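Heavy-atom basis, side chains included; hydrogens, waters and symmetry copies ignored. Lettering follows sequence order; numbering is per chain, from 1. Only a predicted model underlies this, so the values are computations on that prediction, with no experimental measurement involved.
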Amino acid sequence: LAKTTQPISMDSYEGQEVNITCSHNNIATNDYITWYQQFPSQGPRFIIQGYKTKVTNEVASLFIPADRKSSTLSLPRVSLSDTAVYYCLVGDAAGRRALTFGSGTRLQVQP
Amino acid sequence: DAGVTQSPTHLIKTRGQQVTLRCSPKSGHDTVSWYQQALGQGPQFIFQYYEEEERQRGNFPDRFSGHQFPNYSSELNVNALLLGDSALYLCASSVAGGHEQYFGPGTRLTVT
């Protein structure tokens, strides 16, 4: 399984754009990149998934360069409620695969 | 539409005891995965069930076992509890062909 590396923590202020970068140098050809968000004492929640270039949904954008060795989760105009741990996962896109979580990035949004 | 539900919410057990945790998947989902999350760590995959059989297993001892019922709900059993088993136990459901897993709120197990 491709190993991922992401910052342990990040700080931001309300209204700012936050970019969290994940490194995955050994990503396989058929691997997808998926991000989950987790609030304290809750289960992780799927945010976004992509294979290449750019993916955007109602909550985030995911930027993937051509070599796919890294990816960046972009959260536009964060609010206090975006304070959470964000996990970058690499692997098969299928819902039946065993998800491999790292330690994630702890985002703290200040007023 | 109810999402993934888990019971109980919290549980306190004594070392050496046995525990059973329960999970009901999201409507329409046939696959249930269990994860263990220690404090400050990411979730770790325990095993996955679909068609009432264990299909994948992570690096957990045989003290961890499970079951899936015909209605797709699932149980996680842990025998001979150790202090290190204290964690948040998460259940996630999914379907074949789907691209994400939906997680429940978890069961907080404390072993004393």
Does any part of the side chain of B:E100, heavy atoms only, come nearer than 4.5 Å to the side chain of A:L99, both counted from C-beta?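 Result no, sub-4.5 Å side-chain heavy-atom pair not found.
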So what's closer than 4.5 Å to chain B heavy atoms on A:Y32: side chain, backbone, both or neither?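 For A:Y32, there is no contact with chain B at all, as no heavy atom is under 4.5 Å.
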Please classify the contact between A:Q42 and chain B as side chain, backbone, both or neither, with a heavy-atom cut-off of under 4.5 Å.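 Looking at A:Q42, just its backbone touches chain B.
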Counting neighbours of OH on A:Y13 that are heavy atoms of other residues, nucleotides or ligands and sit closer than 6.0 Å, is the number greater than 12?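 No, the 6.0 Å shell around OH holds no more than 12 heavy atoms from other groups.
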More than 12 heavy atoms of other residues, nucleotides or ligands under 6.0 Å from CZ of A:R106: is that the case?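 No, because the 6.0 Å sphere around CZ of A:R106 holds 12 heavy atoms or fewer from other groups.
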If you look at every heavy atom in [X] and [Y], which pair is closest and at what distance?
| X | Y | answer |
| --- | --- | --- |
| B:Q101 | A:Y36 | N-OH, 3.1 Å |
| A:Y87 | B:Q41 | OH-O, 3.7 Å |
| A:G43 | B:L90 | CA-CD2, 3.6 Å |

Region of [X] in contact with chain A, defined by heavy-atom distances below 4.5 Å:
| X | value |
| --- | --- |
| B:Q48 | side chain |
| B:Y50 | side chain |
| B:P105 | backbone |
| B:Q56 | side chain |

Residues of residues 57-87 of chain B contacting chain A, heavy-atom criterion under 4.5 Å, by residue number: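 Those residues of residues 57-87 of chain B which would need a heavy atom under 4.5 Å from chain A do not exist here.
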Could you please state which residues from residues 31-39 of chain B sit under 4.5 angstrom from chain A, measuring non-hydrogen atom to non-hydrogen atom, sorted by number, or 'none'?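 Those residues of residues 31-39 of chain B which have a heavy atom under 4.5 Å from chain A are B:T31, B:Y35, B:Q37.
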[X] with [Y], same ILVMFWY side-chain cluster at under 4.5 Å:
| X | Y | answer |
| --- | --- | --- |
| B:V95 | B:Y49 | no |
| A:L89 | A:I47 | no |
| B:I46 | B:V111 | yes |
| A:L62 | A:F101 | no |
| A:F63 | A:L107 | no |

